[in-house]
Amino acid sequence: MIVGGGPVGLFLALSLTRSGIRCKVLEKRSSVDRRSKSIGIHPVSLELFDELGITGEFLSSGLKIHRGHAFIGGKRVGDLSFESCSPPHNYILAIPQYRTEEILENALRKVDPECLTREADVSAVRRAGQTADVFYSVKDELFRSDAEWVIGCDGKNSIVRRSAGIPSYNRSYPDTYIMGDFTDNTLFGNDAAVYLHRDGLIESFPLPGGKRRWVAKTDRYIENPDGKQLHDLIGQRLNRVLPDQSYSRISSFGVQHLLASNFRKNRCLLAGDSAHIVSPIGGQGMNLGFITGRHLATALQQIFSNPAKADSLLADYSAKSRRIAGQVSRRAEMNMRLGREYKHPLVRHMLVRTMIMPPFQQLTANAFTMRGLDKWPV
């Protein structure tokens, strides 16, 4: 039983179902959430989609980013190319998260039309011997189902994590941002751009359909953001005029870090944001969920073949996935720190210039595309 039908829950269900393991997904939302969220699929995730035979759907809906431009203030100081990274996916794919969820849901329903249940509100998970009972409601009708394993993919306030009594390390950062999608009136084409401004970071990413996402650091959390605020902020920092009326999906967000103390307790397992949350700057959080979700799917496949190894396999899953989450968290935090306001930014500027110089550019590209993380054979 998988609690949570976001991208990681759907990916995990598809991975398990394709390997012959019967599962059920309980999702509280009635439909895919189309609000502004993650837009970047990294090469490591695309390689996992290759295994499932679904990469083509992503490529037909997304846009390949092969290069990013680095600016300090308004001056361009260099480029970062991903084309020298390992093929075949030597790029970052820009695709809205709602489309990612739609592709995964459609692929899952083709394999098992009954796997996903929407409007399912889980209230508790209780251990019952060698299984676990899941209590939930669908349109005010109450249900109780037992499962050999219950996987929490239900976010930072995970009912599965709380029901299992798994503590987590939580931290909130002072950093806040505003973002939104505008009609693209730049000359960047399919390239990304990052501006290190004295007043804070500006990021710019191409999107399918002639759109471009802008992300800007703010000095406080904006409760009710609108497009004009982001429009004016970009104008003040970059002297760039965005289209006045052609914006959508405006939102504000803060930054949190979460890491569960263990990804397994009794019959409950954790994956995705219920297990780990990292800074969204750099777009690695959802991709981290795919990576650790694939590790969990591998462990469960081995367990169903050899139940006696369940404890050791899940202990390995927890330890190795927590270590990978720690690595990704440190990389994401570095990206966030580079984008902060600095009174004396000379050291930061020297570091950024060094990162995109030829001797170090490949290391930087690998870090941004999530290469070099601990490997676990799949």
Side-chain angles (χ1 to χ4, degrees), residues 36 38-40 65 67-81 92 94 172-207 211-223 225-244 246-247 249-255 278-284 331-357 360-361 364-365 367-368:
S36 182
S38 174
I39 59 170
I65 302 175
R67 182 173 57 176
H69 306 290
F71 292 81
I72 293 178
K75 182 180 178 182
R76 181 172 165 181
V77 295
D79 299 333
L80 182 64
S81 173
I92 294 173
S172 294
Y173 292 93
D175 305 80
T176 57
Y177 302 84
I178 183 174
M179 68 179 180
D181 302 343
F182 287 74
T183 296
D184 190 357
N185 66 348
T186 73
L187 299 178
F188 292 135
N190 289 359
D191 294 347
V194 176
Y195 298 83
L196 298 179
H197 190 271
R198 65 176 181 272
D199 295 328
L201 176 75
I202 299 284
E203 294 183 323
S204 175
F205 304 102
L207 287 171
K211 297 288 186 178
R212 180 166 284 269
R213 173 160 297 179
W214 292 88
V215 182
K217 192 178 185 309
T218 55
D219 57 8
R220 60 181 176 82
Y221 182 79
I222 301 174
E223 289 288 347
D226 60 46
K228 187 177 186 306
Q229 291 169 303
L230 182 54
H231 172 278
D232 292 347
L233 195 154
I234 300 297
Q236 292 163 11
R237 292 188 192 172
L238 305 183
N239 196 28
R240 175 181 290 277
V241 178
L242 300 183
D244 282 326
S246 62
Y247 54 80
R249 297 188 172 88
I250 305 296
S251 64
S252 294
F253 62 94
V255 180
V278 302
S279 169
I281 302 303
Q284 299 192 356
R331 292 182 180 186
E333 185 171 337
M334 183 191 74
N335 293 337
M336 181 177 65
R337 290 183 181 278
L338 285 174
R340 287 176 175 169
E341 178 182 353
Y342 281 77
K343 291 184 179 180
H344 306 289
L346 180 60
V347 173
R348 177 187 66 173
H349 293 173
M350 291 176 61
L351 175 61
V352 171
R353 291 176 188 272
T354 301
M355 290 169 62
I356 58 178
M357 288 174 61
F360 304 100
Q361 188 176 100
T364 304
F368 272 96

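On a predicted model such as this, the values are computed, not experimentally measured, just so you know. Values reported hereafter were calculated over all heavy atoms of this structure, with side chains retained and with hydrogens, waters and symmetry mates removed.
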Visitor: Please report the shortest heavy-atom distance between Pro243 and Asn185, naming the atom on each side.
Guide: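 So the two residues come closest at CD-ND2, 3.5 Å.
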Visitor: Ignoring hydrogens, what is the shortest heavy-atom contact between Phe205 and Ala192? Give both atom names and the distance.
Guide: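 Heavy atoms of Phe205 and Ala192 come nearest at CD2-CB, 3.7 Å.
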Visitor: Could you pull out all residues at least two apart from Arg249 that satisfy salt bridge (Lys or Arg N to Asp or Glu O under 4.0 Å)?
Guide: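 With neighbours one apart ignored, the set is empty.
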Visitor: With sequence neighbours left out, write down each residue that passes side-chain hydrogen bond (donor to acceptor under 3.5 Å, both in side chains) with Glu333, or none if nothing qualifies.
Guide: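 So Glu333 forms a side-chain hydrogen bond (donor to acceptor under 3.5 Å, both in side chains) with Tyr173, Arg337.
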Visitor: Quick one: does Gln229's side chain have a donor or acceptor within less than 3.5 Å of a partner on Asp226's backbone?
Guide: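 Yes, the answer is positive, given that a donor and an acceptor are paired below the 3.5 Å cut-off.
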Visitor: Does any N or O in the side chain of Thr364 come within less than 3.5 Å of the main-chain N or O of Met355, such that one atom is a donor and the other an acceptor?
Guide: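 Such a contact is found between Thr364 side chain and Met355 backbone.
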Visitor: Just verifying a value: how many Å separate Tyr247 OH and Thr183 OG1, rounded to the nearest 0.5 Å?
Guide: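 That separation rounds to 12.0 Å.
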Visitor: Do Ile72 and Arg353 touch side chain to side chain, with heavy atoms closer than 4.5 Å?
Guide: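 Counting from C-beta outward, Ile72 and Arg353 do come under 4.5 Å.
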Visitor: What's the verdict on side chain to side chain contact (heavy atoms under 4.5 Å, CB included) for Leu233 and Ile202, showing C-alpha distance, side-chain angles and the deciding distance?
Guide: CA-CA 10 Å; Leu233 195 154; Ile202 299 284; 3.8 Å; yes
Visitor: Could you grab the distance from atom CG of Asp191 to atom CD1 of Ile65, nearest 0.5 Å is fine?
Guide: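 It is 8.5 Å, given to the nearest 0.5 Å.
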Visitor: Report the residues that fulfil side-chain hydrogen bond (donor to acceptor under 3.5 Å, both in side chains) with Ser81, sequence neighbours left out, ordered by chain and then residue number.
Guide: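 side-chain hydrogen bond (donor to acceptor under 3.5 Å, both in side chains) check on Ser81 returns nothing, list empty.
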Visitor: With sequence neighbours excluded, what pairs up with Thr186 under the side-chain contact (heavy atoms from CB on, under 4.5 Å) test?
Guide: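 Thr186: side-chain contact (heavy atoms from CB on, under 4.5 Å) contacts with Asp184, Phe188, Arg212, Trp214, Arg240.
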Visitor: Could you report the tightest heavy-atom contact between Gly282 and Asn335, atom names first, then the distance?
Guide: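 In terms of heavy atoms, the two residues are closest at CA-ND2, 3.9 Å.
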Visitor: Does the Glu223 side chain pair with the main chain of Ser252, one donor and one acceptor, at a distance under 3.5 Å?
Guide: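 Not a single qualifying donor-acceptor pair exists.
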Visitor: Nearest 0.5 angstrom please: Ser251 OG to Ile222 CD1, how far?
Guide: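 Interatomic distance, Ser251 OG to Ile222 CD1, rounded to 0.5 Å: 10.5 Å.
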Visitor: Would you say the side-chain atoms of His231 pair up with the backbone N or O of Leu242, donor to acceptor, closer than 3.5 Å?
Guide: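 Yes.
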Visitor: Return the set of residues passing ring-ring contact (aromatic ring centres under 6.0 Å, His included) with Tyr195 (not counting sequence neighbours), or none when no residue passes.
Guide: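 Only Phe71 meet the ring-ring contact (aromatic ring centres under 6.0 Å, His included) criterion with Tyr195.
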Visitor: To the nearest 0.5 Å, how far apart are NZ in Lys217 and CG in Asp175?
Guide: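 Lys217 atom NZ to Asp175 atom CG measures 4.5 Å (nearest 0.5 Å).
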Visitor: Looking at Asp79 and Ile356, what are the two nearest heavy atoms and their distance?
Guide: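 Shortest heavy-atom separation between Asp79 and Ile356 comes out as O-CB, 3.9 Å.
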Visitor: For residues Arg237 and Ala216, report the shortest heavy-atom separation together with the two atoms involved.
Guide: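 Nearest heavy atoms, Arg237 then Ala216: NH1-CB, 4.4 Å.
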Visitor: So, for Leu196 and Gly339, which heavy atoms are closest and what is the spacing to 0.1 Å?
Guide: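 The answer is CD2-CA, 4.2 Å.
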Visitor: Hey, what do you get for CG (Leu80) to CZ (Phe360), rounding to the nearest 0.5 Å?
Guide: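 It comes to 14.0 Å.
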Visitor: Considering residues at least two apart in sequence or located in another chain, which fulfil the ring-ring contact (aromatic ring centres under 6.0 Å, His included) criterion with Phe368?
Guide: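 If we apply the ring-ring contact (aromatic ring centres under 6.0 Å, His included) test to Phe368, skipping adjacent residues, there are no hits.
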